[in-house]
Amino acid sequence: MDFGTYETLLVEQRGNALLVTINQPASMNALAAAVVEDLHALTGVLADIGTDARWPVRGIIVTGAGDKSFVAGANIVEMNAMDPQAALAYGRRMHEVTLRLEALPVPVIAAVNGFALGGGCELAMACDFLYASANASFGQPEVNLGLVPGFGGSVRLQQRVGIGMARELIYTGRRIKAAEALRIGLVNRVLEDNAALLAAAEETIAEIAGKAPTAVANVKNALNEIAGLNVVDGLEAEARSFVKAFETEDSVVGRAAFVAKSAPEFPGR
Ligand SMILES: CCCCCCCCCCCCC[C@H](O)CC(=O)SCCNC(=O)CCNC(=O)[C@H](O)C(C)(C)COP(=O)(O)OP(=O)(O)OC[C@H]1O[C@@H](n2cnc3c(N)ncnc32)[C@H](O)[C@@H]1OP(=O)(O)O
């Protein structure tokens, strides 16, 4: 499977996982426009990823090159040189990247290997969930620059940690360590180092790869839809999602395998 080659990204298949490494260590993997363009191109290729057995990739891992920085934010040097139109285009493009990650029918894990600041934290929060190495840190420090989050942090941080904590972190621009990020629910797991971080992410992708692909795709879509709904509308959306899942071949196979006390072989449709 050819996922393309990119100037600023390393893309490597590892078993069921596709490892995407942002490879701009000289600038702490800051999101230069070239990086955003490459992420946009790659997520465009991945948009065709399917759930049937032909697609060996059952999950994506996003990480940063080196052991200091995941992504240190938008590229400030570049942003300073942008005219308003270019800046708007840059922002819109990154919005599209985050929405495409959320729309993929497979899990996307942010393997945060260092600084995840500003746009870096925002990229990580567009993934399904975050794992971090012990040296990782997180923050939306835009207020230090007279800016505000611009790649979705105002929306997704409050979804992840609640409005009160989101307000405090955004107003203070504070950087928090991995252990604190775990405590407030921004991060699911903290691993001792980068090797353990990637191993844990690959293990989780492999675990999910054993489940019904259509069910995982279905429930990811439903969780996105339900995120902003009240309970009544959320229950309606969940019911639609359940009916859709119940009618898949994966579900027929899964429920028959339970009765037969055998292991299901999901067709992915
Ligand atoms: C009219 C206009 C309309 C506009 C419409 C809207 C458009 C919206 C488009 C933009 C949206 C952006 C949204 C986003 O939320 C905004 C941001 O992300 S702002 C940036 C947030 N990040 C930061 O503030 C972190 C900055 N970096 C640091 O604090 C430190 O570098 C560090 C990460 C803590 C590491 O510190 P050190 O270990 O000391 O390392 P150095 O600082 O020496 O860095 C090494 C090297 O990397 C370069 N670098 C680091 N971060 C960035 C960066 N974010 N951008 C560019 N370059 C970076 C640093 O300059 C060093 O380079 P060198 O000096 O060695 O050349």
Side-chain angles (χ1 to χ4, degrees), residues 6-11 20-43 62-102 108 110-127 130 132-133 135-161 165-178 180-181 184 186-187 194:
Y6 304 90
E7 179 197 332
T8 68
L9 307 175
L10 300 173
V11 180
V20 179
T21 303
I22 294 166
N23 188 27
Q24 298 284 281
S27 61
M28 295 285 170
N29 299 321
L31 291 174
V35 179
V36 175
E37 282 308 309
D38 280 351
L39 287 170
H40 194 268
L42 175 59
T43 50
V62 179
T63 194
D67 56 9
K68 272 196 85 174
S69 186
F70 172 71
V71 170
N75 189 307
I76 300 167
V77 176
E78 259 195 12
M79 208 164 33
N80 289 347
M82 284 182 188
D83 62 41
Q85 284 66 36
L88 266 174
Y90 173 60
R92 292 262 184 271
R93 208 76 164 154
M94 189 59 192
H95 282 174
E96 285 171 13
V97 167
T98 63
L99 291 171
R100 284 177 170 189
L101 289 171
E102 289 177 335
V108 183
V112 182
N113 59 304
F115 297 115
L117 303 173
C121 193
E122 292 169 299
L123 171 61
M125 292 191 292
C127 299
L130 292 69
S133 56
N135 70 306
S137 58
F138 301 81
Q140 298 291 163
E142 288 84 351
V143 289
N144 295 324
L145 307 167
L147 295 174
V148 299
F151 287 154
S154 309
V155 179
R156 296 188 174 100
L157 187 59
Q158 60 180 293
Q159 286 179 340
R160 300 259 177 182
V161 302
M165 184 58 76
R167 284 186 171 139
E168 182 174 348
L169 290 176
I170 292 172
Y171 297 175
T172 62
R174 189 183 302 152
R175 195 188 310 164
I176 61 172
K177 294 186 183 306
E180 177 66 1
I184 66 174
L186 180 58
V187 163
N194 269 13

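All residue numbers refer to positions in the sequence shown, counting from 1.
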Worksheet item: Is E7 atom CD crowded by more than 12 heavy atoms from other residues, nucleotides or ligands, each under 6.0 Å away?
Response: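 At most 12 heavy atoms, drawn from other residues, nucleotides or ligands, come within 6.0 Å of this atom.
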Is there a donor-acceptor pair closer than 3.5 Å between any side-chain N or O of [X] and the backbone N or O of [Y]?
| X | Y | result |
| --- | --- | --- |
| E122 | G152 | yes |
| N113 | A132 | no |
| R100 | H40 | yes |
| N194 | G66 | yes |
| T63 | A111 | yes |
| R160 | M125 | yes |

Restricting to non-hydrogen atoms, name the atom on [X] and the atom on [Y] that form the minimum distance, rounded to 0.1 Å.
| X | Y | result |
| --- | --- | --- |
| A126 | T98 | CB-CB, 3.5 Å |
| A178 | F138 | CA-CE1, 4.2 Å |
| Q140 | C121 | OE1-CB, 3.3 Å |
| G119 | L31 | O-CD1, 3.8 Å |
| P141 | G118 | CD-N, 3.3 Å |
| A72 | S27 | CB-O, 4.5 Å |

[atom1] of [X] to [atom2] of [Y]: how many Å apart, nearest 0.5 Å?
| X | Y | atom1 | atom2 | value |
| --- | --- | --- | --- | --- |
| E96 | L101 | CD | CG | 12.0 Å |
| I176 | L169 | CD1 | CG | 5.0 Å |
| N29 | F115 | CG | CZ | 11.5 Å |
| I22 | T8 | CD1 | OG1 | 7.5 Å |
| I170 | L157 | CD1 | CG | 5.0 Å |
| E180 | L186 | CD | CG | 10.0 Å |

Discussion item. Among residues at least two apart in sequence or on other chains, which ones pass side chain to side chain donor-acceptor pair (under 3.5 Å) with Q158?
Written reply: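 By the side chain to side chain donor-acceptor pair (under 3.5 Å) rule, Q158 matches no residue at all.
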Discussion item. Let's go through E102 and R156 carefully: what are the C-alpha distance in whole Å and the side-chain angles of both, what is the deciding distance for salt bridge (charged side-chain N to carboxylate O under 4.0 Å, His left out) to 0.1 Å, and is it a yes or a no?
Written reply: CA-CA 11 Å; E102 289 177 335; R156 296 188 174 100; 2.7 Å; yes
Worksheet item: Can a donor-acceptor pair be found between the side chains of N135 and S133 at a distance below 3.5 Å?
Response: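 Indeed, the side chains of N135 and S133 share at least one donor-acceptor pair under 3.5 Å.
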Worksheet item: Where do M94 and L123 land on the side chain to side chain contact (heavy atoms under 4.5 Å, CB included) test, with the steps shown first?
Response: CA-CA 9 Å; M94 189 59 192; L123 171 61; 3.8 Å; yes
Worksheet entry | By ring pair (Phe, Tyr, Trp, His ring centres under 6.0 Å) - contacts of Y90 (at least two apart) |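 Applying ring pair (Phe, Tyr, Trp, His ring centres under 6.0 Å) to Y90 gives F151.
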Are [X] and [Y] packed together at the side-chain level, in the sense that at least one heavy-atom pair is separated by less than 4.5 angstrom?
| X | Y | result |
| --- | --- | --- |
| I76 | L145 | yes |
| Y6 | V20 | no |
| V35 | V71 | no |
| L147 | M79 | yes |

